[in-house]
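First the structure, which I've put down as structure tokens, then a few questions once you've had a look.
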Amino acid sequence: MFKAPRGTVDILPGEQAYWRYIEEKAETVCRLYGYQRVDTPAFEDAGLFTRSVGEGTDIVNKEMYIFKDRSDNELALRPEGTASVCRAYLEHGMDNLPQPVKLYYFADIFRYERPQAGRYRQHHQFGCEAIGEASPMLDAEVIQMALEFFKSLGMTQFTLQLNSIGCKQCRPDYLQKLKEYYAPLAPGLCDDCRARIVKNPLRLLDCKKPGCQAAAEAAPKSSEYLCEDCRDHFDALKTYMEALKIEYSINHRLVRGLDYYTKTVFEVQPLEGGSQSALGGGGRYDDLIGELGGKPTPAIGFATGLERIVLNLKDQGIEVPEQKKPAVFMACMGNSAKIVALKTASDLREAGISVIVAAGDRSLKAQLRQANSVGATYAVIIGDDEIKEGMVTLRNMVTSDQQVVDPEELKRILGTQE
RNA sequence: GUGAGUGUUGCCCAGAGGCCGAAGGCGCCAGGUUGUGGCCCUGGAGAACGAGGGUUCGAAUCCCUCCACUCACCCCA
């Protein structure tokens, strides 16, 4: 027997209510904020990701699904959403549209990781990107939008963490400061961290190892080494956040795992929950479009993991609307009844009424049992008696009222009941 | 890549060397009404107990190997 590959899951009909709910809320938020949907391919040139996400990151180093196709193109299943959207922005000349261009997406994301709670090899993200505007107003708006999205789902148990990691003007200086601070501490750090001092100093800050915690806690803070532009930007953002009454906490150790971020970075964390907890995150990436070959174009975005949202909704006991039940279940007995049932059903469907027709030769009892279990509001019963009269029996499954009606009348009767 | 746990019918799960040719619940199917659901009752189908090897007179139950899944670390959505 075949099984779904490791780290992948089937989202069965019984789960779909959560997914439809999330998608609907996401789309509502996007409409309110003026974002338009974009869909990009599930795989891209591998180089797109190595260049954007960064050579030194875990995602690129050990998590990408890379493969060569039959023409020897090196491709990768997308390990995140932003790079593809930026590629599409450039490829389709969206820099000629009024800026900023606001796009959202639902995408499956692939990372070769060890699966665990809330973490999969294929997962789904909803994300937004606002490309072509540098103002911190947009930062505030994007963050607000992310929070409004969670709130619209009924979620309340989460916090917002914020930081600024500077830009290419000020970050080199800050990294230098970090290195200087860490150099004498190196002997006491974990192996990973010793390597990070040279390779990726920013990552020193989010090491979870007990031995490195104290060092990270007392490390120089990026927000204290910002250039004037970055500082103004961060200050303005904080002002806007206060004006919007958005609560946040500054986390000096929040750095994010993708190299393209500049200035603002943020994460949404649930109040409690497992360690795979980040519900979403994002930040500004003012240099990315330029690095991909476009003219310098500032941008900001965020993404959320749908699997984690589903987990959270369940943990919080948040109810989602049930999926629509069929209006009519059509039971029939005998061969001529089958023909009438089929015809009647298509008539009703033409009128927009959902119908399930019992196929096969099961007893009426069995058919009605099924009508009950699929949650149909009505059963239409057709047998020899009805055929003789040219009528059908309409049974209300909720009240158990039953009447014999002309099939032509069904549409009218059912139409007004809905 | 590292560590821990688990692996019995579609699902949940009992079972701890012979009473297991595997129990129960849910679900499924059928019957209890000769054309009628939801409750109830009865019956039925469905598992050689992850795979392979070993110990033993005898293993779902003990040991080994492998595989899978889960959780945790790392990192992230």
Side-chain angles (χ1 to χ4, degrees), chain A residues 1 3-9 12 14 22 53 56-63 78-82 106-127 146 150 190-193 195-196 200 203 206-210 212 254-258 267-270 273-282 301-312 329 331-334 337 358 360 362-388 393-402 404:
Chain A
M1 282 265 270
K3 290 164 57 177
R6 175 143 218 224
T8 68
V9 291
L12 300 172
I22 294 167
V53 175
T57 60
D58 281 358
I59 290 180
V60 167
N61 282 346
K62 45 183 209 190
E63 295 177 0
R78 63 181 158 212
E80 62 107 33
T82 301
F106 291 96
D108 5 26
I109 302 293
F110 305 86
R111 293 182 197 168
Y112 188 82
E113 301 189 84
R114 207 63 184 270
Q116 61 184 285
R119 187 220 230 168
Y120 305 91
R121 289 186 174 177
Q122 178 184 18
H123 75 275
H124 299 78
Q125 290 188 3
F126 156 57
F150 292 122
C190 67
D191 292 348
D192 285 343
C193 280
R196 285 170 179 144
N200 201 341
R203 297 232 66 82
D206 67 358
C207 183
K208 309 291 195 304
K209 296 248 169 47
C212 307
L254 176 63
V255 295
R256 311 277 302 153
L258 294 82
E267 259 177 34
V268 179
Q269 298 278 351
S275 45
Q276 308 307 314
S277 51
L279 287 167
F302 84 95
T304 67
L306 303 197
E307 281 79 358
R308 288 186 187 174
I309 291 175
V310 171
L311 275 178
N312 192 281
F329 185 93
C332 51
M333 287 156 293
R362 304 209 292 168
S363 68
L364 180 59
K365 181 194 184 104
Q367 295 185 56
L368 285 178
R369 218 199 308 271
Q370 193 182 349
N372 189 62
S373 79
V374 300
T377 316
Y378 290 92
V380 169
I381 302 169
I382 306 167
D384 292 344
D385 298 352
E386 285 80 2
I387 302 267
K388 224 175 297 168
T393 297
L394 177 65
R395 179 178 181 81
N396 183 319
M397 295 297 285
V398 180
T399 62
S400 296
D401 291 336
Q402 193 165 300
V404 177

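Both backbone and side-chain heavy atoms feed into the values below; hydrogens, waters and symmetry mates do not. Labels below follow one simple rule: chain letters A, B, ... track the order of the sequence lines, proteins then strands, and each chain is numbered from 1.
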* Report the residues that fulfil salt bridge (Lys or Arg N to Asp or Glu O under 4.0 Å) with A:E267, sequence neighbours left out, ordered by chain and then residue number. => A:R256

Atom pairs under 3.5 Å: protein N/O with N/O of nucleotides 9-12 of chain B:
none

* Using only heavy-atom distances, determine whether the side chains of A:E386 and A:T393 contain a donor-acceptor pair under 3.5 Å. =>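 Yes, A:T393 and A:E386 have a side-chain donor paired with an acceptor closer than 3.5 Å.
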
* Asked: Given that both distances must come in under 3.5 Å, which nucleotide forms a Watson-Crick or G-U wobble pair with B:G5?
  ->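 Its partner is B:C69.
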
* What is the distance from CG of A:D401 to P of B:G38, rounded to the nearest Å? -> 18 Å

* Asked: How long is the line joining CG of A:L258 and C1' of B:A77, in whole Å?
  ->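 The distance from CG of A:L258 to C1' of B:A77 comes to 11 Å, rounded to the nearest Å.
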
* To do: Could you tell me whether the side chain of A:Q367 has a donor or acceptor atom within less than 3.5 Å of a complementary atom in the base of B:U36?
  =>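 No pair found.
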
* Tell me what A:R203 touches on the nucleic acid: a base, only sugar-phosphate, or nothing, going by heavy atoms under 4.0 Å. => sugar-phosphate

* Asked: With a 4.0 Å cut-off on heavy atoms, is A:L279 in touch with a base, just the backbone sugar-phosphate, or nothing at all?
  ->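 Sugar-phosphate, backbone atoms only, no base.
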
* Asked: Looking across every strand, which nucleic acid part, if any, lies under 4.0 Å from A:Q402 by heavy atom: base, sugar-phosphate, or nothing?
  ->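 Base contact.
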
* To do: Taking salt bridge (Lys or Arg N to Asp or Glu O under 4.0 Å) as the test, write out the residues that go with A:D385, two or more places apart.
  =>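 For A:D385, no residue satisfies salt bridge (Lys or Arg N to Asp or Glu O under 4.0 Å) once neighbours in sequence are set aside.
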
* For B:G44, which nucleotide is its Watson-Crick or G-U wobble mate, given both distances must be under 3.5 Å? -> B:C28

* Under 5.5 Å between ring centres and under 30° between planes: true for A:H124 and the base of B:A77? ->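 Ring-base stacking flag not set for A:H124 and B:A77.
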
* Structure fact -> pair_partner(B:A16), Watson-Crick or wobble, both distances < 3.5 Å, evaluates to none

* Asked: Is A:R196 touching bases, backbone alone, or none of the nucleic acid, heavy atoms closer than 4.0 Å?
  ->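 Sugar-phosphate contact only - A:R196 comes under 4.0 Å of backbone atoms but never of a base.
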
* Base, sugar-phosphate, or nothing for A:Y120, non-hydrogen atoms under 4.0 angstrom? ->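 Counting heavy atoms under 4.0 Å across all strands, the contact made by A:Y120 includes a base.
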
